[in-house]
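The block underneath contains the structure these notes are about, expressed in structure tokens.
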Protein chains: 2
Amino acid sequence: MQTRVKSVRALARGLEVFKALHHHRSASLQELHQDTGLAKPTLLRILKTLEEGGIARRSASDGRYRVSASVRFFGQNLGEEDAIAELAAPVLDRLCRDVIWPSDLAVYKEGAMEILESSRHQTPFMVNRDRIGFRVHMLMSAMGRIYLAFSPAAERRAILMRLSRSNDPYDHAARNPSTVLADLAKDRARGYAVREAGYGRWGYTDRSRAGAIAVPVMQGRRVLASLSLSWAAGATTREQMVDQHLDRLKSAAAEIGTCLPAPAA
Amino acid sequence: MQTRVKSVRALARGLEVFKALHHHRSASLQELHQDTGLAKPTLLRILKTLEEGGIARRSASDGRYRVSASVRFFGQNLGEEDAIAELAAPVLDRLCRDVIWPSDLAVYKEGAMEILESSRHQTPFMVNRDRIGFRVHMLMSAMGRIYLAFSPAAERRAILMRLSRSNDPYDHAARNPSTVLADLAKDRARGYAVREAGYGRWGYTDRSRAGAIAVPVMQGRRVLASLSLSWAAGATTREQMVDQHLDRLKSAAAEIGTCLPAPAA
DNA sequence: GTGAGTGTTACACCAGGTGAAACTTCGGCG
DNA sequence: CGCCGAAGTTTCACCTGGTGTAACACTCAC
């Protein structure tokens, strides 16, 4: 995997100039020259290219270069989830080295947990094929349940309400909230949720051949996401997983939670 | 001025790949290959470079490339003003070709009009040396007065209040609001404001050797900015300027106002 | 005017970018 | 389990395209 692909120096320089331009709010050729150490003709060519690409502009009145206003739209496709996913990726990676089994990171989105990152590919065990963007049921998964368990009461209620109106039969357990809430309280108390292979509850049975434990990723008091660890049914047991790996899983969740982005909307 | 500086193809390609990546929310190498027409080894190198630059990332779980979350911060230095300035630049440019005299574009900011763009450099007449970022008094300038004249009453009141507390003696005319408001009403009625060379009013005299007329740049009912036209005292008169160029000035302001950005906060 | 500082152009060298082709890896299917 | 096709990766030789020096043009300060 360690690639020996070369990088493109000309492009790297261009990015460097862009960053310098972003750093100063506006800059003259001379300033960029001093800041980046690039020769002025080189800068002239780079800036020309950035201009043509709509990334930079040169004001006609003073000759100074600025970042183009169109750059404002670059970030707007990206949500907090992307930041979490990016931040979590290396943590998942290390976690997967310590613990052989794969783990997933998911956030709540519109009635289900959506997987942001995963370390499945890194393990020899093909527990399942869930990909990024895959949506996991709230009540039939460890990740969904631990998210609910650590949500503020109002949000929890709202989510359960939504699930009870869902078309998906797996969500219908939410129509019997008292049982569900009792279970969630237990998960909350012990700090993790479990879904064993063949998990059956509330009238439905899970057909997966994998088990999973999940812990919340907290930013202060707020649940950002769920982090889970899966194992193949038969290869090991829930008790072993909890004994051996729960602490490590929790520390990974803590790590993701602490080096968090600013609390957005 | 028409430069024959070459652009850097490698950089242009890199930007193209970034844009493709931004367009799709995530993309595989193959997709980028089809989308951009670039050879896969080339893409591999470019993507490596973008990753090293913190612009893109490759998810470890699926092999797909995404725009890095750090890109979110690129736009945050930029305000609506930057968009206005960028949009206005070519309009000012054309205006200056039709009318020989230089014009300025300014927005209200913290008790003064701040110049965003100017076409002074393009004319032989060095009327004055105001640069981008230069701050112009609200009451002693045509730009400031026309901005006030077209502001909603509440904002106008707030600005005058602020000026009356200012340390700058030029702002103190605001302490006598009834006179000022009467003058602003006249400017509003005729649609433009004037400051002639040696302009004296409210107990203070302008020392500039230039005259100026200004019109508002409207976005619907909202004043975005002021657009002004300056001339050298003695070279021409206010009447001539109004007769010959006011319509052109207004059309330029309208042009800026219509191809506006989305109404932000 | 003179001179320092900045922006621009010309040019010749050759590092560095490029893509065809070969190779590897992966996932699906029978 | 082995075949196959598709996607990703590496190699490598060609030669364009990126590079910086040096010369030039311009603006401003004094």
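Any value given below was found using the heavy atoms of this structure, including those in side chains, with hydrogens, waters and symmetry copies removed. Here is how names work: the chains are called A, B, and so on, in the same order as the sequence lines, proteins then strands, and each is numbered from 1.
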(message) Nearest whole Å is fine: how far is D:dT19 P from A:K48 NZ?
(response) 15 Å
(request) Decide, yes or no, whether a salt bridge links B:R64 with B:E31 under the criterion of side-chain N to carboxylate O below 4.0 Å. (result) yes
(request) Could you check how far OH of B:Y65 sits from C1' of D:dA7, rounded to whole Å? (result) 11 Å
(message) Is the phosphate of C:dG16 approached by B:R45 (side-chain N or O, under 4.0 Å from OP1 or OP2)?
(response) no
(request) Nearest whole angstrom, please: distance from the P of C:dA20 to the CG of B:L38. (result) 12 Å
(message) By the 4.0 Å heavy-atom rule, please label B:S7 as base, sugar-phosphate, or nothing.
(response) sugar-phosphate
(message) Whether the B:D168 and B:H137 side chains hold a donor-acceptor pair (N or O, under 3.5 Å, no angle test) is what I'd like checked.
(response) yes
(message) Less than 4.0 angstrom between a side-chain N/O of A:R9 and OP1 or OP2 of D:dG17, yes or no?
(response) no
(message) I'd like to check A:Y108 versus A:M138 (side-chain heavy atoms, cut-off strictly below 4.5 Å). Are they in contact?
(response) yes
(message) Just the rounded figure in Å: distance from P of D:dT21 to CG of A:L43.
(response) 13 Å
(message) Under 4.0 Å from OP1 or OP2 of D:dG8: is there any side-chain N or O of B:R58 that close?
(response) no
(request) From the options D:dA7, C:dA10, D:dT19, select the nucleotide whose nearest atom is closest to the side chain of A:A10. (result) D:dT19
(message) On DNA chain C, compare the nucleotides closest to B:R13 and A:E31; which residue's is nearer the 5' end?
(response) A:E31
(request) Answer with yes or no after comparing the ring centroid distance for B:F74 and A:F74 against a 6.0 Å cut-off, counting only values under it. (result) no
(request) Rounded to the nearest angstrom, tell me the gap between atom CG in B:L29 and atom C1' in C:dT24. (result) 14 Å
(message) Tell me the interatomic distance from A:L11, atom CG, to D:dG17, atom C1', rounded to whole angstroms.
(response) 15 Å
(message) Just the rounded figure in Å: distance from P of D:dT19 to CG of A:L44.
(response) 13 Å
(message) At less than 4.0 Å, is any side-chain N or O atom of A:T42 found next to OP1 or OP2 of D:dT19? Yes or no.
(response) no
(request) Write down the atom of A:G53, the atom of B:K19, and the distance for their closest heavy-atom approach. (result) O-NZ, 2.6 Å
(request) Return the nearest nucleotide to the side chain of A:V8; candidates are D:dG20, C:dG17, D:dG18. (result) C:dG17
(request) Take the protein atom NZ of B:K6 and the nucleotide atom P of C:dA12, then report the distance between them rounded to whole Å. (result) 13 Å
(request) Can you figure out which of C:dT8, C:dT18, D:dT9 approaches the side chain of B:K40 most closely? (result) D:dT9
